[in-house]
Amino acid sequence: MPSHDLVPRRGRPPRHLADLDPAERRAALTGFGEPPYRAGQLSRHYFARFTNDPAHMTDLPAGSRDALAAEFLPGLLTAERQLSCDDGATRKTLWRAFDGAYLESVLMRYPDRVTVCVSSQAGCGMACPFCATGQAGLTRNLSAAEIVDQVVAAGRALATGAVPGGRARVSNVVFMGMGEPLANYRAVISSVRRLTDPVPDGLGISRRSITVSTVGVVPAIARLAADGPGVTLAVSLHAPDDGLRDELVPLNTRWKVAEVLDAAWAYAASSGRRVSIEYALIRDVNDQAWRADMLGSLLAGRLAHVNLIPLNPTPGSRWTASAPDVTARFVRRLESYELPVTVRDTRGREIDGACGQLAASGAAGGLSASAAPAFGASGPPRVR
């Protein structure tokens, strides 16, 4: 089967425990001259206690703690900048990887859950014109461990009380940050396994609580259906007609709307999971009533949910959000087709929560803007 990792990595991060499944960890520890059960001890420190500090690993021999941590739990991401809003319940972090690549993640705490929005690539090669990350281009794919480490960092913040509201655990993960997840297929699927493996082999998050987004990499959607990870698929559609979608999502020139939706329905049939159709509402571009009707006719009777996204424009962009009354009309038209519809809450506006705003502002202080992330079109997801 051909690879769906569409762009090679420029640099290879150091090997990390989270890149390996439990059997591979035991083999690696044996090859390092340690008993295989050390793999379980290291896994418990990382996935259950959220630490890679050898000083905390008192169940390991004092003489080998430092070497084990350096070999299997190397530091992958350094927090360069962190901003909060919503009384500390929303935290956005700009991370620097080992090679200087930049990426972002967002932690969002709600009364009933904690969601982390993760990046799967540094930058993005999809070139969607309303997205700063897509315009900046792709730096490289992230490793599985670099993806997982974003969630572990969130878990650490929650466990130590750094997020207001008391201690908690991450309950949901959405692959809606920087990059096209299905263009980095192997690392994303490996990271999903680490996220869902039971503690201490992984983080023990329910598969049903993980969402993988795509602009429509059709062969990779088919592969996802065959591999059966049990996650929710989200399709960033943004237009129901090929003429407009060719402009908004350039990959549509390769796989048209009908092909993308056919792949999505095949995934829904194989997984039994409802597909989320993501649609960024852009004023006077894709928010016409007739386009709502066209979208409704495409989705009617399907195992689908529509998530409308009020566009959070980046500075200087010609794209802006639809007016509230236009959004309400769009919702009503879709609901007339008996479709479940929600409108995404745009958390994070005041902390540069949209496409690339934090990384772009960081560039003025010497940080690279080449990895400006795209949290959908408006910030990480919260439906209402």
Side-chain angles (χ1 to χ4, degrees), residues 12-80 82 84 88 91 93 95-99 103 105 107 109 113-116 118 142-173 187 190-206 209-210:
R12 184 175 295 277
R15 182 183 67 168
H16 190 281
L17 190 81
D19 289 312
L20 309 175
D21 65 29
E24 290 169 336
R25 293 173 207 167
R26 290 189 292 271
L29 265 296
T30 300
F32 196 65
E34 293 283 337
Y37 66 79
R38 290 271 187 263
Q41 292 175 304
L42 288 170
S43 296
R44 187 169 297 278
H45 284 298
Y46 184 69
F47 289 111
R49 298 170 184 156
F50 310 120
T51 185
N52 60 356
D53 185 348
H56 297 157
M57 302 177 188
T58 55
D59 58 339
L60 300 180
S64 59
R65 289 175 198 163
D66 288 346
L68 285 167
E71 179 69 19
F72 295 102
L73 297 172
L76 297 175
L77 303 176
T78 301
E80 289 284 324
Q82 191 168 83
S84 300
R91 291 162 52 105
T93 304
W95 302 101
R96 177 174 51 83
F98 79 104
D99 57 354
L103 57 137
S105 64
L107 181 157
R109 183 167 193 164
R113 70 191 187 283
V114 178
T115 298
V116 178
V118 299
L142 300 184
S143 69
E146 287 175 314
I147 297 170
V148 172
D149 209 40
Q150 298 169 61
V151 184
V152 169
R156 184 181 305 120
L158 291 162
T160 58
V163 180
R167 295 185 178 184
R169 295 186 68 87
V170 174
S171 58
N172 298 71
V173 175
S190 181
S191 69
V192 166
R193 293 182 179 126
R194 299 299 90 75
L195 296 176
T196 58
D197 282 344
V199 178
D201 291 335
L203 288 171
I205 299 171
S206 168
S209 298
I210 294 178

The side-chain hydrogen bond (donor to acceptor under 3.5 Å, both in side chains) partners of Ser209 (sequence neighbours excluded) come to none
Taken in chain and number order and not counting sequence neighbours, the residues that satisfy side-chain contact (heavy atoms from CB on, under 4.5 Å) with Ala70 are none
The complete set of side chain to side chain donor-acceptor pair (under 3.5 Å) pairs with one or both residues in residues 61-70, sequence neighbours excluded, reads none
By side-chain contact (heavy atoms from CB on, under 4.5 Å), Ala79 pairs with (sequence neighbours left out) Thr93, Trp95
Residues at least two apart in sequence or cross-chain that pass side-chain contact (heavy atoms from CB on, under 4.5 Å) with Ala145, listed by chain then number, are His16, Ala18, Asp19, Leu76, Ser143
Sorted by chain and residue number, the side-chain hydrogen bond (donor to acceptor under 3.5 Å, both in side chains) partners of Arg15 (sequence neighbours excluded) come out as Glu71
Quiz item: Are the side chains of Phe98 and Leu77 in touch, meaning some heavy atoms are under 4.5 Å apart?
Solution: no
Residues pairing under side chain to side chain donor-acceptor pair (under 3.5 Å) where one sits in residues 193-204, two or more places apart or in two chains, turn out to be Ser190-Arg194
Residues Val114 and Arg109: closest non-hydrogen pair is CG2-CG, 4.0 Å
In this structure, CG of Leu17 is separated from CD of Glu24 (nearest 0.5 Å) by 10.5 Å
Paired with Ser191, the side chain to side chain contact (heavy atoms under 4.5 Å, CB included) test is passed by just one of Ile147, Ile210, Leu142, namely Ile147
Throw together a table of side-chain donor-acceptor distances under 3.5 angstrom for residues 56-63, partners on residues two or more places apart or in other chains.
{"unit_1": "His56", "atom_1": "ND1", "unit_2": "Thr51", "atom_2": "OG1", "d": "3.2"}
{"unit_1": "Asp59", "atom_1": "OD1", "unit_2": "His45", "atom_2": "NE2", "d": "2.6"}

Sequence neighbours excluded, the answer for ring-ring contact (aromatic ring centres under 6.0 Å, His included) partners of Phe47 is none
Residues passing the salt bridge (Lys or Arg N to Asp or Glu O under 4.0 Å) test with Arg25, sequence neighbours excluded, are none
By side-chain hydrogen bond (donor to acceptor under 3.5 Å, both in side chains), Arg38 pairs with (sequence neighbours left out) Glu34, Gln41
key: Heavy-atom side-chain proximity of Val173 to Thr115 below 4.5 angstrom   = no
So side chain to side chain donor-acceptor pair (under 3.5 Å) across residues 149-161, not counting sequence neighbours, yields Tyr46-Asp149
